[in-house]
Structure formats: structure tokens, C-alpha cells
Asker: 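Mind looking over this structure? Questions follow.
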Amino acid sequence: MSTAFAMLAAVALDAVLGEPRRAHPLVMFGRIASLIERRLHADSRVVGALAWSLAVAPPVLAVAWLSHALASWMSWVIAAFVLYLAIGHRSLAEHARAVESALRAGDLDTARMAVARMVSRDTDALDASQVAAAATESVLENGSDAVFGALFWFALLGAPGAVLYRLANTLDAMWGYRTPRFERFGWASARIDDVLNFVPARFTALTYALLGDRASAWRSWRAQAPSWDSPNAGPVMAAGAGALRVRLGGAAPYHGRWEERPALGEGSAPDADSIAAALRLVRRGVWLWLALIVAASVLVGGFDA
């Protein structure tokens, strides 16, 4: 039961405290990763893989050592705290609610500024529906990346698994681009993140489907996910859009030009209600996962484990 209790404690800490406002470990890791990239950068997949290892291996090994070297109760505390730092459920909700509130108030400029903190696309030219779509897509995708993925790897490998997943996800966001600088150097970061997300992304899509409009989610997942660029975001966002009965995807502006993207989901155009519904879907998914993990822990080990 220790893993299940640690997960419950971590989710509770996140709900009460949110992300640390100062000196977040991921911010410090990002600075270290930037330094490694500046010092080692080369147009080489091998060098990129080496840089990835130098950035990720030390913190993962340190957490693994602590997990085994300390007394069981202290190891439990550290595991819960590490998972708390790895998930971003409350932070995701806070960012999304800022967009939702601005849209409900009819303040499009504020809504655009708020959604710009969630997505990488240009937001100045978005209308209200496009702002809602961007926020809803971010909630669905980051529900997988920032919440369910960390829970999955923690359940599988404990605190070291959560650290490995979250740091790999961070490096993908920093280095995993198809640009001249990162096409080869960032190849390992992108591929490792794809591998680590493959199973949890599909569990997330399944969670969305089970907790929303199941028929629409299955249809959208089967028909639309294969056409999405990302092999993991496709199932998550297609199933999520279908579960919410909302139309997402489509054209979006990046770096000054509009890019066509496949359509996702079916039903109504997105609005503030879509953002709220996506947040409820993620929240219900978290409680479902926790309930299943607690139940599995009881069945496997009993309360005395």
C-alpha cells in the first residue's frame, strides 16, 4: 500500500500547495540542461544522446539511491514529495481557469494573454472559439504529460520512475524540435519521450473515453489519431475531444503563419464550457486512477504490506 498512499499524499499536496513558486526543481533542471546543451551541442544524434544522459542520469540515480538508503518511512516521504513535484494538476487547472474566466467575462484580450501561457502558438489573432480550443487542447494533452504520465511511471518504478519521466518530458520540450539546431541533437530527447509516453498516453486516452461520451471518443480515436503528427498526442487529444463532444484541431497560427492540422473530435465548437469540461475530465480521471491503484494494492498486498 505504500505506493498507493504516496500517490494519494502527492496528489493532496498538489491540490493544497500547487507548484512551488520559487526554486522549482524543474526550473533548476532546465537551467542545467541549457548549460549542457550550450557546452556540448553538435549536429549529432550520438552527442545529443550523451547530453540527454548527462542531464537525466544524475538526478534519477540520486533519487534511486535515496529511495533505498533511507529508512522506509523517510523513503515514503521522499517518494510522495518527488511525485508532488512531478505532477502539475493544480497548475494546469489554474492556467486553464484564467482563460475560462476571461472568456466568460467577454474579455478576449485577457483570454489571449492567459492562453499564451499554455500553448506555443501565436495567440494575438485568435478569436474566442480558437482561444477556447487552444486551452481545451492544452488541458487534454497536458493532462497526459503533466499528470497521468507521472502517475503511471511512479506506479511502475516509484520515485525514480517519476523523475525519469518528468525530466525526459522537460528535455523533449527543450530539445525535441525539428529545427536546424535540434534536428539531430534533439533526436534522442524526442524519441525517448515518445517511448516513455507510449503506454501512459493510451491509458489516458482510454480514461477520457471511459469518463466521457464513449462512442464519440472511440470514433474520434480510431479515425483521427493516426493523422496527428505526434504518435502519443494524437490518441489523447482525439479521444479527449470525442469524449467532450467538441471540435478541436484545425488551422492554428505558429511563427507568423497558419498551419493546417487534422480535425479532432465531433460536436459543438469550443467555448468556455469546453475548458471547464476538459478540467472535469482530467480531475475525474485522476480520482479513477487513484481508486484503481488503491484497489490493486489491496488485492495484491493487503493493508499490512
Side-chain angles (χ1 to χ4, degrees), residues 24-64 86 88 116-122 134 137-138 140-142 144-146 148-150 152-153 156-157 160-202 204-205 224-238 249 251-262 264:
H24 195 297
L26 285 178
V27 175
M28 292 187 286
F29 172 77
R31 291 171 181 163
I32 294 171
S34 294
L35 177 62
I36 291 173
E37 188 268 328
R38 289 196 299 271
R39 294 291 179 85
L40 295 183
H41 182 274
D43 189 25
S44 165
R45 290 181 176 182
V46 173
V47 174
L50 174 62
W52 186 96
S53 300
L54 288 174
V56 174
V60 172
L61 292 175
V63 171
R117 291 188 281 271
M118 300 181 69
V119 298
S120 59
R121 72 195 69 174
D122 304 331
E137 290 173 13
S138 181
L140 294 174
E141 185 172 9
N142 282 294
S144 179
D145 290 347
F148 295 115
F152 173 86
W153 283 105
L156 198 64
L157 298 176
V163 174
L164 170 66
Y165 172 79
R166 205 67 179 94
L167 298 188
N169 190 252
T170 301
L171 285 184
D172 177 58
M174 296 177 66
W175 299 349
Y177 295 103
R178 294 178 179 176
T179 62
R181 184 170 182 83
F182 291 110
E183 179 74 30
R184 294 176 63 81
F185 181 85
W187 178 87
S189 298
R191 297 293 77 77
I192 292 170
D193 185 71
D194 285 345
V195 170
L196 292 177
N197 269 304
F198 187 86
V199 174
R202 281 148 185 82
T204 302
Q224 298 166 347
S227 63
W228 202 256
D229 282 345
S230 169
N232 295 321
V236 167
M237 294 173 65
Y254 294 91
H255 310 297
R257 64 187 183 88
W258 286 80
E259 296 182 8
E260 288 297 328
R261 305 176 304 159
L264 297 170

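Fair warning: this is a prediction, and the values are worked out from it, not measured in the lab.
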Asker: Give me the atom names and distance for the closest heavy-atom approach of Gly48 to Ala188.
Answerer: C-CB, 4.4 Å
Asker: Could you check if a side-chain atom of Pro262 sits within less than 4.5 angstrom of a side-chain atom of Gln224, using non-hydrogen atoms only?
Answerer: no
Asker: I need the Ile192 CD1 to Trp52 CH2 distance, nearest 0.5 Å.
Answerer: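 Taking CD1 in Ile192 and CH2 in Trp52, the distance rounds to 4.0 Å.
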Asker: Can you tell me if Tyr165 and Asp193 form a side-chain donor-acceptor pair at under 3.5 Å?
Answerer: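 Short answer, no.
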Asker: From Glu183 CD over to Asp43 CG, what is the distance, rounded to the nearest 0.5 angstrom?
Answerer: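 Between Glu183 CD and Asp43 CG, I get 8.5 Å after rounding to 0.5 Å.
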Asker: Which value, rounded to the nearest 0.5 Å, describes the distance between Ser189 atom OG and Asp194 atom CG?
Answerer: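 Those atoms lie 11.0 Å apart.
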Asker: Between Ala150 and Ala162, which heavy-atom pair has the shortest distance, and what is it?
Answerer: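 Closest heavy-atom pair between Ala150 and Ala162: O-CB, 4.3 Å.
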Asker: Donor-acceptor pair, distance only, cut-off 3.5 Å: does the side chain of Asn232 make one with the backbone of Ala201?
Answerer: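 No, the answer is negative, given that no donor and acceptor are paired below the 3.5 Å cut-off.
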Asker: If I take atom CG from residue Leu26 and atom OG1 from residue Thr170, how far apart are they, to the nearest 0.5 angstrom?
Answerer: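 One gets 4.5 Å once the value is rounded to the nearest 0.5 Å.
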Asker: Any side-chain to backbone donor/acceptor pair from Arg257 onto Pro253? Under 3.5 Å, distance only.
Answerer: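 Checked: no pair found.
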Asker: Output yes when a side-chain donor or acceptor of Glu137 lies under 3.5 Å from a complementary backbone atom of Met237, and no otherwise.
Answerer: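 No: the side chain of Glu137 does not pair with the backbone of Met237.
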Asker: If we only count heavy atoms from C-beta on, is the Ile36 to Ile32 side-chain gap below 4.5 Å?
Answerer: yes
Asker: Any chance you could measure Trp153, atom CH2, to Asn197, atom CG, to the nearest 0.5 Å?
Answerer: 9.5 Å
Asker: So for atom OH, which belongs to Tyr254, do other residues, nucleotides or ligands contribute more than 12 heavy atoms lying within a distance under 6.0 Å?
Answerer: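 More than 12 heavy atoms, drawn from other residues, nucleotides or ligands, come within 6.0 Å of this atom.
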Asker: Quick one: does Phe148's side chain get under 4.5 Å of Pro200's, heavy atoms only?
Answerer: no
Asker: Got Pro59 and Leu167 here, is their nearest side-chain heavy-atom distance under 4.5 Å?
Answerer: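 Yes, their side chains come closer than 4.5 Å.
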Asker: Nearest 0.5 angstrom please: Leu196 CG to Asp145 CG, how far?
Answerer: 11.5 Å
Asker: Decide salt bridge (Lys or Arg N to Asp or Glu O under 4.0 Å) for Arg261 and Glu259; before the verdict, give the C-alpha distance in whole Å, the side-chain angles of both, and the deciding distance to 0.1 Å.
Answerer: CA-CA 6 Å; Arg261 305 176 304 159; Glu259 296 182 8; over 6 Å; no
Asker: Here's one to test your reading of the geometry: is the NZ or CZ of Arg184 within 45 degrees of the ring axis of Phe182 and under 6.0 Å from its centre?
Answerer: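 The answer is no, since Arg184 fails at least one limit relative to Phe182.
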Asker: Would you say the side-chain atoms of Ser138 pair up with the backbone N or O of Ala134, donor to acceptor, closer than 3.5 Å?
Answerer: no
Asker: Given salt bridge (Lys or Arg N to Asp or Glu O under 4.0 Å), test Arg181 with Glu37 step by step and report yes or no.
Answerer: CA-CA 11 Å; Arg181 184 170 182 83; Glu37 188 268 328; 2.7 Å; yes
